[in-house]
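Letters A, B, ... mirror the listed sequences (proteins, then strands); counts begin at 1. Note that these values count all heavy atoms, side chains included, but never hydrogens, waters or copies made by symmetry.
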2 protein chains.
Amino acid sequence: MRAVILRLILNFLKIVSMALKTKSQFQNFLKQQGLKWTPERERVFQEASVMEGHFEAEELAYRLRKKGSRISKATVYRTLPLLVRTGLIKDVIHGEKHQHYEHIHEENLHDHLICLKCGKIVEFEEESLTKIERKVCAKYQFQPQKILIEIFGCCRECR
Amino acid sequence: MRAVILRLILNFLKIVSMALKTKSQFQNFLKQQGLKWTPERERVFQEASVMEGHFEAEELAYRLRKKGSRISKATVYRTLPLLVRTGLIKDVIHGEKHQHYEHIHEENLHDHLICLKCGKIVEFEEESLTKIERKVCAKYQFQPQKILIEIFGCCRECR
DNA sequence: TTTTTTGCAAATGGTTTGCATCCTT
DNA sequence: AAGGATGCAAACCATTTGCAAAAAA
């Protein structure tokens with residue numbers, strides 16, 4: 001019992017400290033670039049942190065509005081690339097009409113299976129892919145910034 | 001000398017027969033779908049066959065116009081997806097603003113290194129990737145239709 | 001005070017679509 | 001004759017941008 005509570009507390013602390021860490025990363029990035037820390041950017045950052053899985057600019061803007069933050073879509077569209085440049089989120093699923101973003105968790109690199117029928121997106125992890133990627137980049141002396149692996153097709157349920 | 005000429009002729013025949021083959025593939029596809037074979041579709045198909053490397057709808061339309069074919073952009077945009085569905089071309093480079101297409105050569109599956117500085121696209125082939133893809137799809141019982149592997153970054157020359 | 005940011009509305013630009021007309025089958 | 005296909009121009013629609021007012025440094 002004590003152990004369970006302890007674990008909960010530790011977990012909570014971990015989440016809080018992570019949030020603080022990424023927030024100051026963002027602040028540092030802005031300062032270093034001569035950009036300003038504003039309430040709007042803080043709100044966008046906050047909401048992006050809370051989004052689960054993939055999300056798009058439009059949806060984030062909508063949620064902010066629903067929560068009473070009167071932040072324009074333009075600002076959202078202007079802030080998300082900053083978060084990308086800070087390295088806190090990345091954009092994925094380039095095939096769709098909208099831009100999709102997702103959080104970057106260093107421990108959890110994954111790629112996507114995308115069902116063309118139902119639109120479901122399954123994430124998968126494949127350690128050996130990373131090795132091959134590195135090999136290819138070395139061969140061409142190419143410095144990778146972002147690697148996109150997406151398999152489009154038909155998922156088990158839709159068959 | 002005779003051998004060289006012979007090889008040239010054989011090569012020429014190969015190209016011609018390939019062209020005829022893909023053309024009839026397209027015709028069969030249309031018939032089978034209850035769609036019609038038209039001069040416009042033939043011209044788009046022809047021009048797409050001649051395009052080298054990646055190309056986009058806009059460019060193909062421009063070339064047709066330059067060659068005197070008065071084919072509307074709308075028709076080009078409507079025809080390219082048919083060629084994709086026929087399996088003669090596929091779309092790649094989803095990250096850019098425009099849709100990019102390229103030919104499908106069964107013998108030559110490749111992926112892309114895309115330089116974010118100069119925009120150069122280097123194709124690479126990596127046999128072992130295909131194996132892993134198959135493994136992942138098997139694991140999730142996912143039926144792949146299109147696999148997209150793109151590495152964005154900075155090429156040797158731009159560093 | 002200087003420089004950046006914001007919100008609004010308008011612009012962008014590749015792609016899609018409605019519709020009358022034209023063409024295949 | 002009947003159902004598609006075409007061309008044109010208008011519509012889409014996510015994203016970007018110009019600009020004046022507001023806020024951060």
Provide, to the nearest angstrom, the distance between the [atom1] atom belonging to [X] and the [atom2] atom belonging to [N].
X: A:Arg41; N: C:dT4; atom1: CZ; atom2: P; result: 11 Å
X: B:Asp91; N: C:dG14; atom1: CG; atom2: P; result: 17 Å
X: B:Lys73; N: D:dG7; atom1: NZ; atom2: P; result: 13 Å
X: A:Lys31; N: C:dT5; atom1: NZ; atom2: P; result: 14 Å
X: A:Phe55; N: D:dA14; atom1: CZ; atom2: C1'; result: 16 Å
X: B:Leu80; N: C:dT16; atom1: CG; atom2: P; result: 10 Å
X: B:Glu56; N: C:dG14; atom1: CD; atom2: P; result: 8 Å
X: A:Glu42; N: C:dT6; atom1: CD; atom2: P; result: 12 Å

Just to verify, what does [X] make a side-chain contact (heavy atoms from CB on, under 4.5 Å) with, not counting sequence neighbours?
X: A:Arg134; value: A:Thr130
X: B:Ser69; value: B:Arg43, B:Leu64, B:Ile71
X: B:Lys90; value: B:Val92, B:Glu102, B:Ile104
X: A:Ser49; value: A:Phe45

Point-to-point distance, once rounded to the nearest 0.5 Å, from CD of B:Glu133 to NZ of B:Lys131: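 So the gap between those two atoms works out to 12.0 Å.
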End-to-end axis angle, where each axis spans five pairs of the helix from C:dT1-D:dA25 to C:dT25-D:dA1, to 10°: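 Roughly 30° between the end axes, to the nearest 10°.
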Protein N or O to nucleotides 8-12 of chain C N or O, pairs below 3.5 Å:
none

Residue pairs passing the salt bridge (Lys or Arg N to Asp or Glu O under 4.0 Å) test where at least one lies in residues 73-82 of chain A, sequence neighbours excluded: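 As it turns out, the salt bridge (Lys or Arg N to Asp or Glu O under 4.0 Å) pairs with a partner in residues 73-82 of chain A, which skip direct neighbours, are A:Glu58-A:Lys73.
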Results of side chain to side chain donor-acceptor pair (under 3.5 Å) for A:Glu47 - residues two or more places apart only: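 With neighbours one apart ignored, the set is A:Lys67.
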Residues in side chain to side chain donor-acceptor pair (under 3.5 Å) contact with B:Thr75, at least two apart in sequence or another chain: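 Side chain to side chain donor-acceptor pair (under 3.5 Å) list for B:Thr75, sorted by chain: B:Ser72.
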Salt bridge (Lys or Arg N to Asp or Glu O under 4.0 Å) against A:Arg65, all qualifying residues, sequence neighbours excluded: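 Once residues adjacent in sequence are excluded, A:Arg65 has no partner under the salt bridge (Lys or Arg N to Asp or Glu O under 4.0 Å) criterion.
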Enumerate all atom pairs, one protein N or O and one N or O from nucleotides 20-25 of chain D, separated by less than 3.5 Å.
unit_1	atom_1	unit_2	atom_2	d
D:dA24	N3	A:Lys36	NZ	3.3

Distance test, side-chain N/O of A:Tyr77 to OP1/OP2 of D:dT15, below 4.0 Å: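 Yes, such a contact exists.
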Closest-nucleotide ordering on DNA chain C, the 5'-leading residue of A:Gly34 and B:Glu58: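 The residue closer to the strand's 5' end, by nearest nucleotide, is A:Gly34.
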Out of D:dT15, D:dG7, C:dG7, whichever nucleotide has its closest atom nearest the side chain of A:Gln99: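 Of D:dT15, D:dG7, C:dG7, D:dT15 is nearest to the side chain of A:Gln99.
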hydrophobic_cluster_shared for A:Tyr77 and A:Ile89, side chain cutoff 4.5 Å: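 A:Ile89 does not cluster with A:Tyr77.
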Listing, residues 30-39 of chain B side-chain donor-acceptor contacts under 3.5 Å, not counting sequence neighbours, or none:
unit_1	atom_1	unit_2	atom_2	d
B:Gln33	OE1	B:Arg85	NH2	2.8
B:Thr38	OG1	B:Arg41	N	3.1

